[in-house]
Amino acid sequence: MMPPLSNNAGSAFSGSRLTPSQQKAVFHREGPLLVIAGPGSGKTRVITFRIAALVDAGVPARNICAITFTNKAAEEMRSRAIALGASGGAHISTFHSLCVRILRRFAEDAGVRPNFSIYDQADQTKCMKQAITTCELDTTNFSPGRTLDAISTLKNKLIDADVFKDQADDFFSKMLSRIYCRYQQILAELNALDFDDLLLKTAFLLERHLDTCSELGNRFKYLLIDEYQDTNHAQYRIAKALVSSHNNICATGDPDQSIYRWRGADIRNILDFERDWPDATVVRLEENFRSTPQILEVADRLIANNESRKAKRLVPTRPAAGEVVIESYEDETGEALGLAQSIRQSIDKGVSAPDIAVFYRVNAQSRVLEEALIKSKISYQIVRGVEFYNRKEIRDLLAYLKVLVNPADEVALGRIINTPARGIGKTTIDRIRGYASRTNKTFYESLKVAGRIESLSKSASARVEQFVRMMDGFTKDISGPVGPLAERVFTESGLEQSLIAAGPDSRDALENVGELISAAASYDQQTEKPLIVDYLQQIALFSDTDVYDTSAKRVALMTLHSAKGLEFDTAFIVGVEEGLLPHERSAEDGDEIEEERRLFFVGITRAKTNLHVSFAKYRQIRGQLLRIIPSQFLFELGLGFSESIAQSTIESRQSAVENSESQILNRQSTPRFRQGDIVVHKKFGLGTVKEFADMGDNSIIVVAFNSGEVKSLKVKYARLAKI
DNA sequence: GCGAGTTATGTTTTT
DNA sequence: CATAACTCGC
């Protein structure tokens, strides 16, 4: 029996003030616990304290497993728990990271090899394209993206390819089933798992191998899951299995902040918690310690418009302060400049840059904002970390490492076999592929015996052999530290040389690789037994916010989705317009509108003191200037919206006018041209119209430019002006 | 086998 | 308009 949990005088956290409900959650003993926690209610703090309280009551830290939404959140929770006296033994990570660990440990039962590659969207798309073409299906009906989405949805519901095969009855499902099977087959051959597989394989492992399940249940005697409203069915089943022997599950979340339905998140998980665990203790944290009453009022009024929701109040505890304003601008450039101006004013008023954040609905919005911030000399960081790992030079270098760890990874292998160019082209690769399938060897095995492949020329097989020799040389270092290996691969593969040879354009690229190598080196230092397998599997699961540098003295720019879990003194939400927030793609469906509203709600409730919401009246969308309607959500804030338009428009005019005027003039229907017209193009200069195919919006024009070039262009995109 | 140049295509949010 | 994918000529 463990001693009772209590607010012991001697414990490290007893000095901190906790409200009665917070205490109830923190010191809850055994059995299921649901914490419904509004924004800013100290939810993360409660979880951290709970970990410390359990340890304080004698639970070995290693028997505690806490699941966070991002790796960054896990990292923070880890260090805070340690500060509270819970030694570092607790397992704190994301669902996906936990799954990787479990799958590595019980690889055989799970039916995977421990050195599996983790495929991101780009890798998945490659496999999917192959799957679709080998199924001899038309890609117009089955686009890789759409098909992957469909399969992801199935996987999140734990419907694997075999099960789906049996339940597919209509034509479309049968085709989808064929692709699904083929896609899984390809992944299996390449020893690769996609993100959804990590969850699915773990869930099946736990449900089908009861010994493993009980071993893990024994190891993790307490399971705490944060952001439970955004878990999907697979994650629910994993959780359910993990706690099946003791029911010590603690889930925390807020149904009003569920913003990942499109990714398979199932809000029923949190709504049905009490049905799943009937003896659950439910604690509500409704006091808000983050935001001013004004901000909370606005948030409250907005979210009250969602119909499928249980009413919940946001109870303010802070005194009134700051401001909540709606700003209107002529166009997106005006908005960006106005934003920069407001940020400048906030800084002048004493708000420090890292306490300011800008949120937007889609990443594409960030560009104009960046330009304006640069112009205004405001230093900022875009919280979009995975971008770094998507850069060509980084992907190239990582692909080498992936092949060393998992030679079956043909997506990675295909990327590097001729990068940098070493004379192994398409023909050679096709011939080796042919040999591989004839002899039932893997592609990599076939590379090793290139000399024996008759269809290959002497020189071709020599080049292949040289490649294999090089890779074998690297393989010798595979169990050593990651940094030095990455550096060695970069130099000896010729990647470095090819970047240097490419001239000054690739200075950034070289710098990026340098950054990767030092990141790897610091991983080596921080890790007891650094392993390239672990490293690759870890960085595959990085999220945007994981690279958010909270210590930087810069304004943060991020999507509303990334903003989840964060807080800032002053928040700007830009582009609050019909089509953007709510996004046009969610317009069809009432449920999706509600999710967009929750997204806005999440954004608003990130602000502690000042909230600025803005929209533009015109916006360039995909090259076209469109008249924009302010978001319906703005009216729901109850700020006397129409008055504020009038007021702020006057203010914003000065800054917006110079940029918007010229663009509004362009806002005419697609212009017409005649043969012989002299035109000017932004990039190509002067030219004469050779042909004009009048197709309304889709008109095509052929212009002979004075540079000698003849181009056929789409009139609506090419900004041509008649002279 | 390689690169330049043309053509197709897309267009939310992300672990 | 931006970029990915593809074609064609060397």
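In what follows, every chain begins at residue 1, and chains take the letters A, B, ... in the order their sequences are listed. From a predicted model like this one, the values you see are computed outputs, not experimental measurements.
- Listed nucleotides: B:dT12, B:dT15, B:dC2. Nearest to the side chain of A:His96: B:dT15.
- In terms of modelled atom types and a separation under 3.5 Å, the side chain of A:Arg422 and the main chain of A:Arg463 share no donor-acceptor contact.
- For A:Lys129, the side-chain atoms get nearest to C:dA5 when compared with the rest of B:dT13, C:dA2, C:dA5.
- If you take atom P in B:dT13 and the same atom in C:dA4, they sit 15 Å apart, rounded to whole Å.
- By the 4.0 Å N-to-carboxylate-O rule, A:Arg585 lies too far from A:Glu596 to be salt-bridged with it.
- Among the nucleotides C:dA5, B:dT13, B:dT14, the one closest to any side-chain atom of A:Gln121 is B:dT14.
- When each of A:Leu599 and A:Gly423 is assigned the nucleotide of DNA chain B bearing its nearest heavy atom, the one mapping closer to the 5' terminus is A:Gly423.
- Which of B:dT15, B:dT14, B:dT12 sits closest to the side chain of A:His583 comes down to B:dT12.
- In the model, A:Glu595 has no side-chain atom that pairs as donor or acceptor with a side-chain atom of A:Ser586 under 3.5 Å.
- Taking atom CZ on A:Arg597 and atom P on B:dT12, their separation rounds to 21 Å, with Å as the unit.
- When each of A:Thr428 and A:Leu199 is assigned the nucleotide of DNA chain B with its nearest heavy atom, A:Thr428 is the one assigned upstream, toward the 5' end.
- With B:dT15, B:dT14, B:dT12 as the candidates, the nucleotide lying closest to the side chain of A:Tyr260 is B:dT14.
- Under the stacking definition used here (centres under 5.5 Å, planes under 30°), the residue A:His561 fails to qualify as stacked on the base of B:dT13.
- Of the listed nucleotides (B:dT12, B:dC2, B:dT15), B:dC2 has the atom at the smallest distance from the side chain of A:Asn418.
- Stacking is not found between A:Phe69 and the pyrimidine-like six-membered ring of the B:dT15 base under the 5.5 Å centre-distance and 30° plane-angle cut-offs.
- Nearest to the side-chain atoms of A:Thr94 among the listed nucleotides B:dT12, B:dT15, B:dT14 stands B:dT15.
- Rounded to whole Å, atom C1' of B:dT14 lies 10 Å from atom CD1 of A:Ile259.
- Regarding A:Gln124, its CD atom lies at a distance of 15 Å from the P atom of B:dT14, rounded to whole Å.
- If you measure from atom CD of A:Glu227 to atom P of B:dT15, you get 13 Å, rounded to the nearest angstrom.
- Rounding to whole angstrom units, CG of residue A:Asp230 and P of B:dT13 are separated by 17 Å.
- When the C1' atom of B:dT15 is taken as reference, atom CD1 of A:Ile238 falls 12 Å away, rounded to whole Å.
- For A:Asn363, no side-chain nitrogen or oxygen approaches OP1 or OP2 of B:dT12 to under 4.0 Å.
- Under the 3.5 Å distance criterion, the side-chain polar atoms of A:Gln235 are matched with a main-chain donor or acceptor of A:Asn232.
- Other residues, nucleotides and ligands contribute only 12 or fewer heavy atoms inside 6.0 Å of the NZ atom of A:Lys157.
- When rounded to the nearest whole Å, the span between CZ of A:Phe467 and P of B:dG1 equals 15 Å.
- In this model, the phosphate group of B:dT15 is not approached by any side-chain N or O of A:Arg263 to a distance below 4.0 Å at OP1 or OP2.
- Here B:dT15 presents its P atom at 18 Å from CG of A:Leu193, a figure rounded to the nearest Å.
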